[in-house]
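Each remark here refers to the structure printed beneath this line.
The structure displayed is predicted, hence computed values, not measured ones. When reading the values below, keep in mind they use all heavy atoms of this one structure, side chains included, and skip hydrogens, waters and symmetry mates. Chain letters run A, B, ... following the sequence lines, proteins first, then strands; residues in each count from 1.
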Number of protein chains: 2
Amino acid sequence: MSISSRFAVGIHILALIEINKGGVSTSEYLAASVNTNPAVIRKIMGMLKNAGLVNVRPGIAGAELAKNLSEITLLDVYKAVNVVQEKELFSIHENPNPQCPVGRNIQNAIGPLFEIAQTALEKALGHVTIEDVVKDIIEKEKLNH
Amino acid sequence: MSISSRFAVGIHILALIEINKGGVSTSEYLAASVNTNPAVIRKIMGMLKNAGLVNVRPGIAGAELAKNLSEITLLDVYKAVNVVQEKELFSIHENPNPQCPVGRNIQNAIGPLFEIAQTALEKALGHVTIEDVVKDIIEKEKLNH
DNA sequence: GCAAGATGTAATTAATATGGTTACAGGTAA
DNA sequence: TTACCTGTAACCATATTAATTACATCTTGC
Ligand code: FES
Ligand code: FES
């Protein structure tokens, strides 16, 4: 199964807050761009807030970035929105038969290999920043004018 | 969400067929080691068969590896059991607002970045073979005697 | 103070995926 | 023909997702 679109939406939100920095980015405004419900945005925004990526306050309209654009990587967003738990990108079937030589060792044999693969994935995400994404969007936008 | 344990079970099956190569690996036998239902094994086995990794025939008991141990990578298994579709490890929310500069460009901006990360993951899986797993299991087994 | 409007958050729902289970059709061999 | 196996479909309980609704809480303008 695919990794939740919360991740993509999280990136979307951050990029839009930046591009809309002249205006006020309310959950309703962001929801209109993402094309979803404001409550979905607020939920994801809460996660981004907990991770220290945005500043939002109850009652006060609008969200702001809490860090410099170039200091927010896709990995930060990925971790913030909790789409994949630590060491749990791949699930391993539980309760293999302890009486079978494979059953009693497979988890320990596979686990580290899965971790290496997951780390490779996350490392790749760590090399890209929201700034890269925003620049790319602006670039694409220019080409269509 | 995690990637289906079909992947881990697929690895388990292949490793066990090898280690049990003296005996006959029926779906019932394999199911007992994995601790699941034989029908589940047969379903996964069908996928491994389609991918040319094992030989199984209706009516004939037992499965055999169709390739050399060292020629089967975890990536082969991963692709065989269909746990992740091509370019779809990460899902991107559909129907972003085309009237928003971010909405109309985000998919094209994010897509390639997600692909790079997915490729990094799969590359890591391609570096490990079932032979490595089997050797590791045998090694671990020795240590406990 | 109070009304308007925003965020925070919980509960509900429909759609979808997973893994297990049962059942049975069809193939193989003794 | 019998016994046993694989192949496959149907069904179910469970879990997750994303959307939706509702409402408590907070802030500001008046
Ligand atoms: S990615 Fe969805 S509106 Fe931007
Ligand atoms: S029995 Fe499950 S991994 Fe081996």
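For B/Ser70 (side chain) and B/Glu131 (main-chain N/O), no donor-acceptor pair under 3.5 Å exists by modelled atom type. Using a distance-only test at 3.5 Å, with no hydrogens or angles considered, a donor-acceptor pair links the side chain of B/Lys49 to the main chain of B/Val56.
Less than 4.0 Å separates DNA chain D from at least one heavy atom of each of the following residues of residues 50-59 of chain A: A/Pro58, A/Gly59.
Distance CG (B/Asn37) to P (D/dA9): 17 Å, rounded to an integer number of Å. Here C/dT7 presents its P atom at 17 Å from CE of A/Met47, a figure rounded to the nearest Å. The separation between B/Ile44 atom CD1 and D/dT6 atom P is 14 Å, rounded to whole Å. Atoms CE (A/Met45) and P (D/dA18) sit 17 Å apart, rounded to a whole Å. To the nearest angstrom, P of D/dA18 lies 14 Å from CG of A/Asn35. Between the CD atom of A/Glu94 and the C1' atom of C/dT18 there is a distance of 14 Å, given to the nearest Å. Taking atom CG on A/Leu30 and atom P on C/dG8, their separation rounds to 12 Å, with Å as the unit. The distance between atom NZ of A/Lys49 and atom C1' of C/dA6, rounded to the nearest whole Å, is 12 Å.
Distances shown here put every side-chain N or O of B/Thr26 at or beyond 4.0 Å from the OP1 or OP2 atom of D/dC5. Taking 4.0 angstrom as the limit, A/Thr36 places none of its side-chain polar atoms (N or O) nearer than this to OP1 or OP2 of D/dA18. The side chain of B/Ser5 contributes an N or O atom lying less than 4.0 Å from OP1 or OP2 of C/dG19. Checking the phosphate oxygens (OP1, OP2) of C/dT7, no side-chain nitrogen or oxygen of A/Lys43 falls inside 4.0 Å. For A/Ser4 and D/dT17, the shortest distance from a side-chain N or O to OP1 or OP2 is not below 4.0 Å.
Under 3.5 Å, the side chains of B/Ser33 and A/Asn97 contain no donor-acceptor pair of N or O atoms.
Not counting sequence neighbours, the partners of A/Lys21 by the side chain to side chain donor-acceptor pair (under 3.5 Å) test are A/Glu18.
Proximity note for A/Arg42 (side chain, C-beta onward) versus C/dT21, D/dA22, D/dA18: the nearest is D/dA22.
When the nearest nucleotides of DNA chain D are assigned to B/Gly62 and A/Ala39 by heavy-atom distance, the more 5′-ward of the two goes with B/Gly62.
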Next item on the list: Starting from the C-alpha separation in whole Å, work towards a yes-or-no answer on salt bridge (charged side-chain N to carboxylate O under 4.0 Å, His left out) for B/Glu141 and A/Arg104.
Entry: CA-CA 9 Å; B/Glu141 194 61 12; A/Arg104 63 172 164 256; 2.4 Å; yes
Next item on the list: Step by step, work out the side chain to side chain contact (heavy atoms under 4.5 Å, CB included) result for A/Ile110 and B/Phe7.
Entry: CA-CA 10 Å; A/Ile110 289 181; B/Phe7 182 27; over 6 Å; no
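By the 30° and 60° cut-offs, the orientation of the rings of B/Tyr78 relative to A/Phe90 is perpendicular.
Among the heavy atoms of the strands lying under 4.0 Å from A/Ala61 are primed sugar atoms or P, OP1, OP2 only; no base atom is included.
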